[in-house]
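Start at 1 with the first residue, then count along the sequence. What's counted below: heavy atoms across the whole structure, side chains too, no hydrogens, waters or symmetry copies. This one's a predicted model, so the numbers in the text were calculated from it and none came from an experiment.
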Amino acid sequence: YGTPFETVITPADIKPATPMIILTKATPFHFSTDSTTPAGWLSAQTIDTTGAIKTDAWGNEWREIYTWLGKAWIKVPVSAYVITP
């Protein structure tokens, strides 16, 4: 039936999904993991992460997230659920 078509989506275009975090209570976010003052607060919600993870000197897990102010970091609270695809 006509000429063959080109594939629009190639395997190189497919990126793995990033983990999601379900926050169950208000959580502060920071622009760096070294910051002691929060840049703002997030209400209970599901948030998307960039996939970047850091662990601080005290063993706390920090994950980079997307916010309305750009990328930021949250210390993952014990009450949160991390959904890894």
Side-chain angles (χ1 to χ4, degrees):
Y1 288 74
T3 61
F5 60 92
E6 283 189 44
T7 303
V8 177
I9 299 174
T10 66
D13 295 325
I14 299 172
K15 306 285 189 246
T18 56
M20 302 287 283
I21 300 175
I22 300 173
L23 300 175
T24 58
K25 61 181 182 178
T27 305
F29 67 90
H30 306 263
F31 289 127
S32 76
T33 56
D34 300 328
S35 172
T36 56
T37 305
W41 289 79
L42 298 170
S43 63
Q45 62 185 294
T46 302
I47 54 175
D48 193 11
T49 68
T50 66
I53 303 170
K54 288 186 180 180
T55 303
D56 63 19
W58 298 276
N60 296 312
E61 181 180 289
W62 290 78
R63 291 192 181 241
E64 190 176 40
I65 62 167
Y66 296 104
T67 72
W68 66 97
L69 298 172
K71 293 178 185 175
W73 290 88
I74 63 165
K75 181 170 64 172
V76 180
V78 176
S79 62
Y81 300 98
V82 178
I83 302 170
T84 305

*Is there side-chain contact between K71 and T50, with heavy atoms separated by less than 4.5 Å?*
yes
_Holding to side-chain contact (heavy atoms from CB on, under 4.5 Å), I want the full list of residues that pass it with I9, two or more places apart in sequence or in another chain._
D13, I14
_So, using side-chain contact (heavy atoms from CB on, under 4.5 Å) as the criterion, who are the partners of A39 when residues are at least two apart?_
F29, F31
Donor-acceptor pairs under 3.5 angstrom involving side-chain atoms of residues 74-85: please list them, not counting sequence neighbours.
unit_1	atom_1	unit_2	atom_2	d
S79	OG	T24	OG1	3.2

*asked:* Checking side chain to side chain contact (heavy atoms under 4.5 Å, CB included) between I47 and each of L23, I22, T67, which is the one that passes?
replied: L23
_Can you list everything that forms a side-chain contact (heavy atoms from CB on, under 4.5 Å) with A26? Sequence neighbours excluded, please._
W41
*If you round to the nearest 0.5 Å, how far is CG of N60 from NZ of K54?*
14.0 Å
_Connecting only ILVMFWY residues whose side-chain heavy atoms lie within less than 4.5 Å of each other, what is the rest of W62's hydrophobic cluster?_
W73
_Listing request: all salt bridge (Lys or Arg N to Asp or Glu O under 4.0 Å) pairs with a residue in residues 57-66, at least two apart in sequence or in separate chains._
E61-R63
*Just wondering, do I21 and T49 contact through their side chains at under 4.5 Å, heavy atoms?*
yes
*asked:* For T18, give me all partners under side-chain hydrogen bond (donor to acceptor under 3.5 Å, both in side chains), at least two apart in sequence or on another chain.
replied: D48
*With sequence neighbours excluded, tell me which residues meet side-chain hydrogen bond (donor to acceptor under 3.5 Å, both in side chains) with Q45.*
none
*asked:* Which residues pass the side-chain hydrogen bond (donor to acceptor under 3.5 Å, both in side chains) test with D34, not counting sequence neighbours?
replied: none
*Check: K25 main-chain N/O paired with T27 side-chain donor or acceptor under 3.5 Å*: yes
